[in-house]
Trainee: 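Sharing a structure below in structure tokens format, with a few things to ask.
Numbers for residues simply follow the sequence, beginning at 1. Heavy atoms only: backbone and side chains are in, while hydrogens, waters and symmetry mates are out.
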Amino acid sequence: NTVGKCISILKVILHYAEFDGHLVNKAYKEKAFKAVNRETDSIYLTREEIESIIALDLSNKEHKMLDMVRDVFIVGVFTAQRVSDYNGITSNSIRKINIKETKEGITETRQVYVLDLIQQKTKAKVLIPISSTVMSILKKYDYNLPKLKDLQINIYIKQIARMAKINQPIKISSIRGGKF
């Protein structure tokens with residue numbers, strides 16, 4: 001799908017370049033030069049699997065890194081943000097906002113904590129309600145989530161998943177040479 005997206009963008013660029021009078025190879029118009037997209041396999045954790053990861057006792061000193069990785073991973077799960085976005089969470093990212101709710105004709109205002117982030121990739125500003133699980137993790141780190149690299153998280157989360165007895169084989173399909 002990444003290659004297909006690149007081909008699609010390249011075709012648009014070539015079209016506009018040709019339209020502007022630049023000399024381009026006309027092969028980009030051929031039917032064989034097309035952007036192909038395939039449906040991808042969705043791999044995800046169930047609520048029970050997430051809860052088993054949360055419930056792991058990693059308080060032992062020798063599990064300090066695993067404990068940090070688990071906490072950072074869970075914040076990512078509950079906020080649905082990229083590593084680059086939740087790595088930027090500090091005490092300055094947390095604020096209270098007023099939410100108005102109407103039930104049976106009665107409007108009430110309550111305060112909720114949210115993460116106020118600007119996403120790195122899209123530059124979009126987002127407000128994410130903070131669940132009690134995320135709040136307890138943030139409190140644990142004095143509201144400054146540890147900054148971990150993607151690679152660290154990817155390596156250690158596999159070990160954490162095995163410890164949480166998440167070890168079911170998953171069948172995924174792949175394409176080699178244009179064939180499944």
Side-chain angles (χ1 to χ4, degrees), residues 1-2 5 37-173:
N1 287 343
T2 302
K5 176 96 172 165
N37 289 317
R38 303 267 190 231
E39 193 171 317
T40 59
D41 296 314
S42 295
I43 301 171
Y44 58 90
L45 293 171
T46 65
R47 179 172 291 282
E48 293 78 22
E49 290 169 332
I50 293 167
E51 288 171 3
S52 68
I53 289 172
I54 292 170
L56 274 178
D57 180 12
L58 299 172
S59 59
N60 188 321
K61 280 186 180 181
E62 59 192 51
H63 292 125
K64 184 176 181 189
M65 185 61 165
L66 293 176
D67 189 40
M68 259 194 315
V69 168
R70 184 256 322 265
D71 291 344
V72 168
F73 177 78
I74 292 299
V75 168
V77 168
F78 277 74
T79 62
Q81 296 301 297
R82 295 175 187 87
V83 174
S84 60
D85 297 325
Y86 60 76
N87 259 340
I89 294 174
T90 66
S91 57
N92 296 332
S93 308
I94 302 165
R95 64 184 185 105
K96 272 187 191 178
I97 63 169
N98 293 322
I99 299 285
K100 289 186 179 183
E101 292 179 330
T102 304
K103 289 183 185 175
E104 299 175 9
I106 300 170
T107 301
E108 293 182 358
T109 301
R110 66 183 179 95
Q111 290 189 324
V112 295
Y113 286 97
V114 294
L115 287 173
D116 187 349
L117 301 174
I118 296 177
Q119 296 175 323
Q120 294 294 308
K121 183 175 179 179
T122 64
K123 305 298 181 221
K125 181 178 174 143
V126 293
L127 293 178
I128 305 158
I130 301 175
S131 69
S132 58
T133 303
V134 171
M135 186 59 88
S136 66
I137 291 170
L138 292 173
K139 283 179 184 175
K140 179 178 175 179
Y141 296 100
D142 197 28
Y143 302 99
N144 291 292
L145 200 61
K147 291 179 184 2
L148 300 174
K149 293 182 171 61
D150 301 24
L151 186 60
Q152 288 174 302
I153 295 169
N154 288 338
I155 290 170
Y156 289 112
I157 200 62
K158 291 174 180 122
Q159 184 178 347
I160 292 165
R162 283 190 294 275
M163 292 169 75
K165 309 265 189 277
I166 302 170
N167 53 12
Q168 295 254 343
I170 296 172
K171 184 179 177 183
I172 60 170
S173 54

Trainee: Would you call R110-E101 a salt bridge at under 4.0 Å N-O?
Mentor: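 Salt bridge flag = yes for E101 with R110.
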Trainee: Using salt bridge (Lys or Arg N to Asp or Glu O under 4.0 Å) as the criterion, list what pairs up with K125, not counting sequence neighbours.
Mentor: D116
Trainee: Would you mind writing out the side-chain donor-acceptor pairs for residues 138-152 within the sub-3.5 Å range, not counting sequence neighbours?
Mentor:
from	atom 1	to	atom 2	distance (Å)
K140	NZ	D67	OD1	3.1
K140	NZ	D67	OD2	2.7
K140	NZ	D71	OD2	2.7
Y141	OH	D71	OD2	2.6
N144	OD1	S91	N	3.4
N144	ND2	D142	O	3.1
K147	NZ	N87	O	2.9
Q152	OE1	K149	N	2.9

Trainee: If you look at every heavy atom in H63 and L58, which pair is closest and at what distance?
Mentor: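 Here H63 and L58 meet closest at CB-O, 3.6 Å.
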Trainee: Atom CG in L45, atom CD in E51: separation rounded to 0.5 Å?
Mentor: 11.5 Å
Trainee: Could you go through the side-chain contact (heavy atoms from CB on, under 4.5 Å) check for T109 and I99 one step at a time?
Mentor: CA-CA 5 Å; T109 301; I99 299 285; over 6 Å; no
Trainee: Quick one: pull up NZ in K158 and CD1 in I153 and give me the separation to the nearest 0.5 Å.
Mentor: 11.5 Å
Trainee: Roughly how far apart are F73 CZ and I157 CD1, rounded to 0.5 Å?
Mentor: 4.5 Å
Trainee: Rounded at 0.5 Å granularity, tell me how far CD1 in I106 sits from OG1 in T102.
Mentor: 9.5 Å
Trainee: Quick check: closest heavy atoms across I166 and S52, and the distance to 0.1 Å?
Mentor: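 Reported closest heavy-atom pair: CD1-OG, 3.8 Å.
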Trainee: With heavy-atom distances below 4.5 Å as the criterion, would you say the side chains of I54 and I74 are in contact?
Mentor: yes
Trainee: Please determine whether side-chain contact (heavy atoms from CB on, under 4.5 Å) holds for the pair V72 and Y86, giving the CA-CA distance in whole Å, both sets of side-chain angles, and the decisive distance to 0.1 Å.
Mentor: CA-CA 8 Å; V72 168; Y86 60 76; 3.2 Å; yes
Trainee: Is the number of heavy atoms from other residues, nucleotides or ligands under 6.0 Å of Q111 CD greater than 12?
Mentor: yes
Trainee: To the nearest 0.5 Å, what is the distance between OH (Y156) and CG (L66)?
Mentor: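 It comes to 7.0 Å.
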Trainee: Is there a donor-acceptor contact under 3.5 Å from the side chain of R82 to the main chain of G76?
Mentor: no
Trainee: Measuring only between side-chain heavy atoms, which start at C-beta, is I89 closer than 4.5 Å to V75?
Mentor: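 Yes, their side chains come closer than 4.5 Å.
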Trainee: When you measure from the side chain of D85 to the backbone of L117, do you find a donor-acceptor pair of N or O atoms at a distance under 3.5 Å?
Mentor: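 Checked: no pair found.
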Trainee: Could you check L56 against R70 for side-chain contact (heavy atoms from CB on, under 4.5 Å), going step by step and ending with a plain yes or no?
Mentor: CA-CA 9 Å; L56 274 178; R70 184 256 322 265; 3.7 Å; yes
Trainee: V126 versus Q81: any side-chain heavy-atom pair under 4.5 Å?
Mentor: yes
Trainee: Indicate the atoms forming the closest heavy-atom contact of Q119 with T122, along with that distance.
Mentor: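 For Q119 and T122, the tightest heavy-atom pair comes out as OE1-OG1, 2.9 Å.
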Trainee: Near K123 NZ, under 6.0 Å, is it more than 12 heavy atoms from other residues, nucleotides or ligands?
Mentor: yes
Trainee: At their closest point, which heavy atom of V134 faces which heavy atom of I130, and how far apart are they?
Mentor: CG1-CG2, 3.8 Å
Trainee: Evaluate the criterion side-chain contact (heavy atoms from CB on, under 4.5 Å) for residue pair R95 and I97; output intermediate values, then yes/no.
Mentor: CA-CA 7 Å; R95 64 184 185 105; I97 63 169; 3.7 Å; yes
Trainee: Would you mind reporting whether I50 and V77 have side-chain heavy atoms less than 4.5 Å apart?
Mentor: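 Yes. Closest side-chain heavy atoms under 4.5 Å.
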